[in-house]
Asks: 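Structure provided below as structure tokens; questions to follow.
Any value given below was found using the heavy atoms of this structure, including those in side chains, with hydrogens, waters and symmetry copies removed. Per chain, numbering begins at 1; letters A, B, ... match sequence-line order.
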Amino acid sequence: DQQVKQNSPSLSVQEGRISILNCDYTNSMFDYFLWYKKYPAEGPTFLISISSIKDKNEDGRFTVFLNKSAKHLSLHIVPSQPGDSAVYFCAASATIQGAQKLVFGQGTRLTINP
Amino acid sequence: EPEVTQTPSHQVTQMGQEVILRCVPISNHLYFYWYRQILGQKVEFLVSFYNNEISEKSEIFDDQFSVERPDGSNFTLKIRSTKLEDSAMYFCASSPDRGTFQPQHFGDGTRLSIL
């Protein structure tokens with residue numbers, strides 16, 4: 001099942017610079033896209049989402065961009081902080097009768113270097 | 001901030017035995033979910049549950065799996081006869097019913113090890 005793909009398993013960024021995490025999807029029926037952050041031994045923590053009818057959503061240091069024609073989304077973190085070091089999962093949501101089914105990417109391990 | 005809690009954090013079970021994983025969703029949430037993550041693989045959807053019935057289930061969720069909301073606070077996942085390949089992290093999640101999109105909130109997971 002390759003409906004959601006994160007092609008970069010890892011990314012290393014200098015503190016204070018911009019981190020850009022990428023995600024591609026294949027199914028046009030997804031209605032929302034989400035980014036989750038995960039620390040070891042914890043569950044995924046919701047970061048930010050975007051509706052499929054939008055192309056940008058911003059929340060503090062986090063911005064998600066959606067390019068529907070390319071079936072591509074990205075998460076920008078600026079400025080990057082050491083506490084941002086974690087695994088980031090892209091997820092796509094298909095809502096059926098109110099219940100969401102999330103399809104996850106493989107995750108990208110982000111390391112912020114001081 | 002309200003949290004989804006899961007118990008136990010680690011469960012070790014002999015192959016063929018039944019196991020029950022427990023979750024307490026956030027109190028005002030109405031949609032409940034189970035996901036699993038086999039080591040080194042993606043997080044995979046298993047099942048969604050609303051109004052005391054399954055809304056959707058994946059191909060993974062076969063007759064060996066069942067879910068239940070036995071009371072007003074707990075949400076359980078039962079595996080009747082465990083196999084080695086059931087070894088994984090199992091995550092419970094919940095979301096509210098507010099008309100507009102609300103993201104799922106996840107627990108910290110139960111690591112299930114089948115011997």
Asks: Do the side chains of A:I50 and A:V103 join up, straight or via other hydrophobic residues, at under 4.5 Å, putting them in one cluster?
Replies: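 They do share one cluster, since a chain of ILVMFWY contacts under 4.5 Å joins A:I50 to A:V103.
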Asks: Are A:V64 and A:L11 connected in a single hydrophobic cluster, I mean Ile/Leu/Val/Met/Phe/Trp/Tyr linked by side-chain heavy atoms less than 4.5 Å apart?
Replies: yes
Asks: Chain B contacts: which residues in residues 71-93 of chain A have a non-hydrogen atom closer than 4.5 Å to it?
Replies: A:F89, A:S93
Asks: Is there a donor-acceptor contact under 3.5 Å from the side chain of A:Y32 to the main chain of B:P103?
Replies: no
Asks: Is it the case that more than 12 heavy atoms not belonging to A:E15 sit under 6.0 Å from its CD atom?
Replies: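 Count over threshold, so yes.
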Asks: What are the residues of residues 44-66 of chain B, in order of number, with any heavy atom under 4.5 angstrom from a heavy atom of chain A?
Replies: B:F45, B:S48, B:S55, B:E56
Asks: Just wondering, more than 12 heavy atoms not from B:L39 lying within 6.0 Å of its CG?
Replies: no
Asks: If you count every heavy atom of other residues, nucleotides or ligands that lies below 6.0 Å from A:R61 atom CZ, does the total exceed 12?
Replies: yes
Asks: Please tell me whether A:F65 and A:L21 are part of a single hydrophobic cluster in this structure, the criterion being side-chain heavy atoms less than 4.5 Å apart.
Replies: no
Asks: Given the options A:G105, A:S51, A:A41, A:S49, which has more heavy-atom pairs under 4.5 Å with chain B than any of the others?
Replies: A:G105
Asks: Looking only at heavy atoms, which two atoms of A:Y36 and B:Q104 are closest? And how far apart?
Replies: OH-O, 2.7 Å
Asks: Under 4.5 Å between side-chain heavy atoms, hopping through other hydrophobics if needed: is there a path connecting A:I20 to A:F62?
Replies: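 As far as the 4.5 Å side-chain criterion goes, A:F62 and A:I20 are not connected within one cluster.
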Asks: If you count the non-hydrogen atoms of other residues, nucleotides and ligands that lie under 6.0 Å from CZ in B:R69, is the total more than 12?
Replies: yes
Asks: Closest approach of A:L34 and B:F101, non-hydrogen atoms and distance?
Replies: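 Heavy-atom minimum between the residues: CD2-CZ, 3.8 Å.
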Asks: Treating B:Y35 as the side-chain partner and A:L102 as the backbone partner, does any N or O pair qualify as donor plus acceptor under 3.5 Å?
Replies: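 Checking the backbone N and O of A:L102 against the side chain of B:Y35, a donor-acceptor pair under 3.5 Å is found.
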Asks: Select one option (side chain, backbone, both, neither) describing which atoms of B:F32 are under 4.5 Å from chain A's heavy atoms.
Replies: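 No part of it gets close to chain A.
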Asks: When the side chains of residues 107-114 of chain A are checked against the rest of the protein, which donor-acceptor pairs come out under 3.5 Å, sequence neighbours left out?
Replies:
| unit_1 | atom_1 | unit_2 | atom_2 | d |
| --- | --- | --- | --- | --- |
| A:T108 | OG1 | A:Q6 | NE2 | 3.4 |
| A:T108 | OG1 | A:S8 | O | 2.6 |
| A:N113 | ND2 | A:S12 | OG | 2.6 |

Asks: Hey, any chance B:W34 and B:V4 share a hydrophobic cluster, counting ILVMFWY side chains that come within less than 4.5 Å of each other, even indirectly?
Replies: no
Asks: Quick check on the structure: residues of residues 78-92 of chain B within a heavy-atom distance below 4.5 Å of chain A, by number.
Replies: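 Hits under 4.5 Å: B:F91.
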